[in-house]
S.K.: 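I have a structure I would like to understand better, so I am pasting it below and will then ask my questions one at a time.
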Amino acid sequence: MIARAGALRRKRRELVLLVGLVSGTGGASMLMLELADELHRRGVSARIAVPAFESTRPYAEAAAERGIDVERTALLSDRGGRLRQVADAAWFNAGLAAPVVHYHLSENVLGHPFIRALDLINPAPMIFSIHSPYDEPSADTPETRRWANAVRGHAERVICVSKAGYARQVRYGVPRESLKLIYNGVRIDRFANGNGAAARRRAGIDADAPLIVYSARMEPQKRPLDALAAFADLAEEFPAAQLVFVGSGSLEEAARRQAAERGLGARVHVLGQQFDVPDWLAAATVWVLPTETEGFSIGVIEAMAAGCAIASTWCAGNDEVLVDGENALATPVGDVSALSSSLRRLMSDAALRARLGAAARATARRFSLERMVDEHMAVYAPLLVRDAHAD
């Protein structure tokens, strides 16, 4: 249901409202879902609000299956011109009643209409998580000053998901006392116990076929076409090998077209968004992500928790968790030849896959969902205490 005003929010006063300026398909969206689920397990009522994009419809349906309420609202949907977007954001925020309002921002944040909207209504202090991996202006600019002032006026905390993201906020002029580093986490046991045979059966892939799995958004930042090009380099050498893309995005059709042009249409599977990622990780012989930059990749941690042999890139975000030759093989961004060499090594060497996979699993234990939620609850605590005293 798409709410046009704040009436529904006022009727249901949850303790934590997670507001995502997200598409419903990426890591930030999935993190919100897991965060809400774990809060419910701990007896903390939580709800999610996201834009009313078509891509958030299956997200809301998947959340409902887990008993999590997702409101899809047009007030967050970037409709109309700039003034309309600011007005929508102000109207949305004016209707909020939860003691903890936690925004998750997966886009460049500095020029977003919601920043201007905050000054119009002066809401109670909010929490912001910054998932965007992109470098924005680092100098003293009107945009960075506006964001830093918004943090001073409206933020209880700004949560950064990586050291690189923390440093970027400091460059923007955000006070260090407003910042908190909390690495993303995943439910380790869920991703360690997928059913790979079931995933292969659903896609009609032979149980013994060497399988390279890519599980991420199909967007330019993630460079899925590099994965396809690297696979093409070794397809003749491994004639039974297949490649699966699990994720939605603007490059799905390009991947299908390029696979067909290379004569690999029957061996490349572009599945779109799926919610059985643990099964695909269990099915993988090798997991690949040629990404150019990350906030802090949830996909990488999921693959590590599954014990996958990982071929990825040495980039900002990944460099805080991947160790080349120890828990993954990491190559320079955009170097398809190096990526195909990594895939070739992993496809050819079961012992190397086992060693890297075991080390990856050990690394993932440092990034559990439970640890992440503990750290979030410590940030929420002052707002919850303040609300309890107000009652």
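Only heavy atoms go into these numbers, but all of them, side chains included; no hydrogens, no water, no symmetry mates.
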S.K.: With a sphere of 6.0 Å drawn around CZ of R345, does it hold more than 12 non-hydrogen atoms of other residues, nucleotides or ligands?
M.R.: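 Result for CZ/R345: open.
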S.K.: How far apart are the C-alpha atoms of H154 and F128, what are their side-chain angles, what is the distance that settles it, and do they pass the ring pair (Phe, Tyr, Trp, His ring centres under 6.0 Å) test?
M.R.: CA-CA 10 Å; H154 307 294; F128 302 108; 8.3 Å; no
S.K.: Which pair of heavy atoms, one from P51 and one from T56, lies closest together, and at what distance?
M.R.: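 Heavy-atom minimum between the residues: O-OG1, 2.8 Å.
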S.K.: Donor-acceptor pair, N93 side chain versus A89 backbone, under 3.5 Å?
M.R.: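 Indeed, once roles are kept as given, a pair shorter than 3.5 Å links the two residues.
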S.K.: Testing V379, V373, D374, V161 one by one against I182 for a side-chain contact (heavy atoms from CB on, under 4.5 Å), which residue passes?
M.R.: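 Testing I182 for a side-chain contact (heavy atoms from CB on, under 4.5 Å) against V379, V373, D374, V161 leaves exactly one candidate, V379.
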S.K.: Does S368 use its side chain to pair, donor to acceptor, with the backbone of R365 at less than 3.5 Å?
M.R.: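 No, because the side chain of S368 does not come within donor-acceptor range (under 3.5 Å) of the backbone of R365.
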S.K.: Kindly say whether G165 contributes a backbone atom to a donor-acceptor pair with the side chain of S162 at under 3.5 angstrom?
M.R.: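 Checked: pair present.
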S.K.: CH2 of W280 to CD of Q274: how many Å apart, nearest 0.5 Å?
M.R.: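 Reported value, rounded in 0.5 Å steps: 8.0 Å.
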S.K.: Restricting to non-hydrogen atoms, name the atom on Q242 and the atom on A209 that form the minimum distance, rounded to 0.1 Å.
M.R.: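 Heavy atoms of Q242 and A209 come nearest at NE2-CB, 4.2 Å.
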S.K.: Could you tell me whether the side chain of P220 reaches within less than 4.5 Å of the side chain of S250, counting heavy atoms only?
M.R.: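 Yes, close enough: below the 4.5 Å cut-off.
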S.K.: Do you know which two heavy atoms are closest between P210 and M347, and how far apart they sit?
M.R.: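 So the minimum-distance heavy-atom pair works out to CB-CE, 3.5 Å.
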S.K.: Does Y183 offer a backbone N or O that forms a donor-acceptor pair with the side chain of R371 under 3.5 Å?
M.R.: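 Yes; at least one donor-acceptor contact below 3.5 Å.
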S.K.: Just wondering, are more than 12 heavy atoms of other shown residues or ligands nearer than 6.0 Å to CZ in R116?
M.R.: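 Not buried by this count: 12 neighbours or fewer within 6.0 Å.
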S.K.: Is L181 reachable from V174 through a run of hydrophobic residues whose side-chain heavy atoms are each under 4.5 Å from the next?
M.R.: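 Same cluster: V174 reaches L181 through Ile, Leu, Val, Met, Phe, Trp or Tyr contacts under 4.5 Å.
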S.K.: Are V170 and F296 linked, directly or through other ILVMFWY residues, by side chains that come within less than 4.5 angstrom of each other?
M.R.: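 Yes: a chain of side-chain contacts under 4.5 Å links V170 to F296.
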S.K.: Under the side chain to side chain contact (heavy atoms under 4.5 Å, CB included) rule, what do W147 and Q169 come out as? Steps first, then yes or no, please.
M.R.: CA-CA 10 Å; W147 168 243; Q169 293 297 311; 2.7 Å; yes
S.K.: Less than 3.5 Å apart, any donor N or O on the side chain of R146 or N149 sitting next to an acceptor on the other?
M.R.: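 The answer is no; no qualifying pair exists.
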S.K.: Would R267 and F231 satisfy side chain to side chain contact (heavy atoms under 4.5 Å, CB included), going step by step from the backbone distance to the final call?
M.R.: CA-CA 10 Å; R267 296 171 60 185; F231 176 70; 4.0 Å; yes
S.K.: Can you find a heavy atom in the side chain of W314 that is under 4.5 Å from one in the side chain of P332?
M.R.: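 Answer no - side chains too far apart.
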S.K.: Begin from the C-alpha positions of E38 and R42 and carry the test salt bridge (Lys or Arg N to Asp or Glu O under 4.0 Å) through to its verdict.
M.R.: CA-CA 6 Å; E38 181 63 19; R42 300 184 184 200; 3.0 Å; yes
S.K.: Evaluate R190 against L369 for side chain to side chain contact (heavy atoms under 4.5 Å, CB included), listing each step before the verdict.
M.R.: CA-CA 11 Å; R190 177 170 180 251; L369 180 71; over 6 Å; no
S.K.: Any chance the side chains of D226 and Y214 put a donor and an acceptor closer than 3.5 Å?
M.R.: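 No, no side-chain donor-acceptor pair sits under 3.5 Å.
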S.K.: Looking only at heavy atoms, what is the nearest atom pair of N122 and G153, with distance?
M.R.: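 So the minimum-distance heavy-atom pair works out to OD1-O, 4.5 Å.
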S.K.: Is the shortest side-chain N to carboxylate O distance from K180 to E375 below 4.0 Å?
M.R.: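 Salt bridge absent between K180 and E375.
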S.K.: Going from CD1 on I68 to CD1 on I48, what distance comes out if it is rounded to the nearest 0.5 angstrom?
M.R.: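 Spacing of CD1 (I68) from CD1 (I48) equals 5.5 Å.
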S.K.: What is the distance from atom CG of L329 to atom CZ of R344, rounded to the nearest 0.5 Å?
M.R.: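 Reported value, rounded in 0.5 Å steps: 13.0 Å.
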S.K.: Is it true that K222 and E294 make a salt bridge, defined as a side-chain N closer than 4.0 Å to a carboxylate O?
M.R.: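 Yes.
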S.K.: May I ask you to say whether D88 pairs ionically with R84, meaning some side-chain N is under 4.0 Å from a carboxylate O?
M.R.: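 Yes.
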S.K.: Measuring from atom CG of L322 to atom OG1 of T313, what distance do you get when rounded to the nearest 0.5 angstrom?
M.R.: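 Between L322 CG and T313 OG1, I get 8.0 Å after rounding to 0.5 Å.
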S.K.: Give the intermediate values and the outcome of salt bridge (Lys or Arg N to Asp or Glu O under 4.0 Å) for residues E370 and R187.
M.R.: CA-CA 7 Å; E370 293 77 11; R187 200 175 294 283; 3.6 Å; yes
S.K.: Under 3.5 Å, side chain of E302 to main-chain N/O of P278, donor-acceptor pair present?
M.R.: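 No: the side chain of E302 does not pair with the backbone of P278.
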S.K.: Quick one, D335 and L339 - any side-chain contact, counting heavy atoms below 4.5 Å?
M.R.: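 Of all side-chain heavy-atom pairs linking L339 with D335, none is under 4.5 Å.
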S.K.: Using a strict cut-off of less than 4.0 Å between a Lys/Arg side-chain nitrogen and an Asp/Glu carboxylate oxygen, indicate whether R66 and E34 qualify as a salt bridge.
M.R.: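 A salt bridge links R66 with E34.
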S.K.: Give a yes or no on whether the backbone of K163 and the side-chain of E320 come within a donor-acceptor separation of less than 3.5 Å.
M.R.: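 Between the backbone of K163 and the side chain of E320 there is a qualifying donor-acceptor contact (under 3.5 Å).
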S.K.: Side-chain heavy atoms under 4.5 angstrom apart, residues restricted to Ile, Leu, Val, Met, Phe, Trp, Tyr: same cluster for V86 and L96?
M.R.: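 Cluster IDs for V86 and L96 differ.
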S.K.: Is it the case that more than 12 heavy atoms not belonging to E236 sit under 6.0 Å from its CD atom?
M.R.: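 No - once you tally the heavy atoms of other residues, nucleotides and ligands closer than 6.0 Å, there are 12 at most.
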S.K.: Just by distance, do the side chain of S178 and the backbone of V158 share a donor-acceptor pair under 3.5 Å?
M.R.: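 Not a single qualifying donor-acceptor pair exists.
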S.K.: At their closest point, which heavy atom of L343 faces which heavy atom of A311, and how far apart are they?
M.R.: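 The pair with the smallest heavy-atom distance is CD2-CB, 3.8 Å.
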S.K.: Does the side chain of S297 come within less than 4.5 Å of N318's, by heavy atoms?
M.R.: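 A side-chain contact exists here, since the closest heavy-atom pair is under 4.5 Å.
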S.K.: Would L15 and Y380 satisfy side chain to side chain contact (heavy atoms under 4.5 Å, CB included), going step by step from the backbone distance to the final call?
M.R.: CA-CA 10 Å; L15 289 176; Y380 295 165; over 6 Å; no
S.K.: Report the distance from atom CG of D233 to atom OG of S337, rounding to the nearest 0.5 Å.
M.R.: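 These two atoms lie 7.0 Å from each other.
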S.K.: Is the backbone of I298 close enough, under 3.5 Å, to the side chain of N184 for a donor and an acceptor to pair up by distance?
M.R.: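 Side chain of N184 to backbone of I298, a donor-acceptor pair under 3.5 Å: no, none is there.
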S.K.: Look at the side chain of R200 and the backbone N and O of D206, then say whether any donor-acceptor pair between them is shorter than 3.5 Å.
M.R.: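 It does hold such a pair.
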S.K.: Do the charged groups of E252 and R256 touch, with an N to O distance under 4.0 Å?
M.R.: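 Yes, charged N to carboxylate O under 4.0 Å.
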S.K.: Could you tell me whether the side chain of S129 reaches within less than 4.5 Å of the side chain of H104, counting heavy atoms only?
M.R.: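 A side-chain contact under 4.5 Å exists here.
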S.K.: Is the shortest heavy-atom distance from the side chain of V300 to the side chain of M304 under 4.5 Å?
M.R.: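 In contact.
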S.K.: Are M372 and L35 side-chain neighbours, meaning at least one heavy-atom pair lies under 4.5 Å?
M.R.: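 SC-SC contact between M372 and L35 confirmed.
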S.K.: Nearest heavy-atom pair of P125 and A155: which atoms, and what distance?
M.R.: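 For P125 versus A155, the nearest heavy atoms are CB-C, 4.4 Å.
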S.K.: Determine, using the 4.5 Å side-chain heavy-atom cutoff (strictly less than), whether V336 and I310 are members of one ILVMFWY cluster.
M.R.: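 No, V336 does not connect to I310 through the hydrophobic network.
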S.K.: Looking at side-chain heavy atoms only, is the closest gap between T25 and Y59 below 4.5 Å?
M.R.: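 T25 vs Y59: side chains apart.
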S.K.: Hydrophobic clustering (ILVMFWY, side-chain heavy atoms < 4.5 Å, transitive) - are V22 and F114 grouped together?
M.R.: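 F114 clusters together with V22.
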S.K.: Rounded to the nearest 0.5 Å, how far apart are CE of M377 and CG of L384?
M.R.: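 Here the interatomic distance stands at 5.5 Å.
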S.K.: Indicate yes or no for a side-chain donor-acceptor contact from T144 to the backbone of D140 under 3.5 Å, with no hydrogens or angles considered.
M.R.: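 No: the side chain of T144 does not pair with the backbone of D140.
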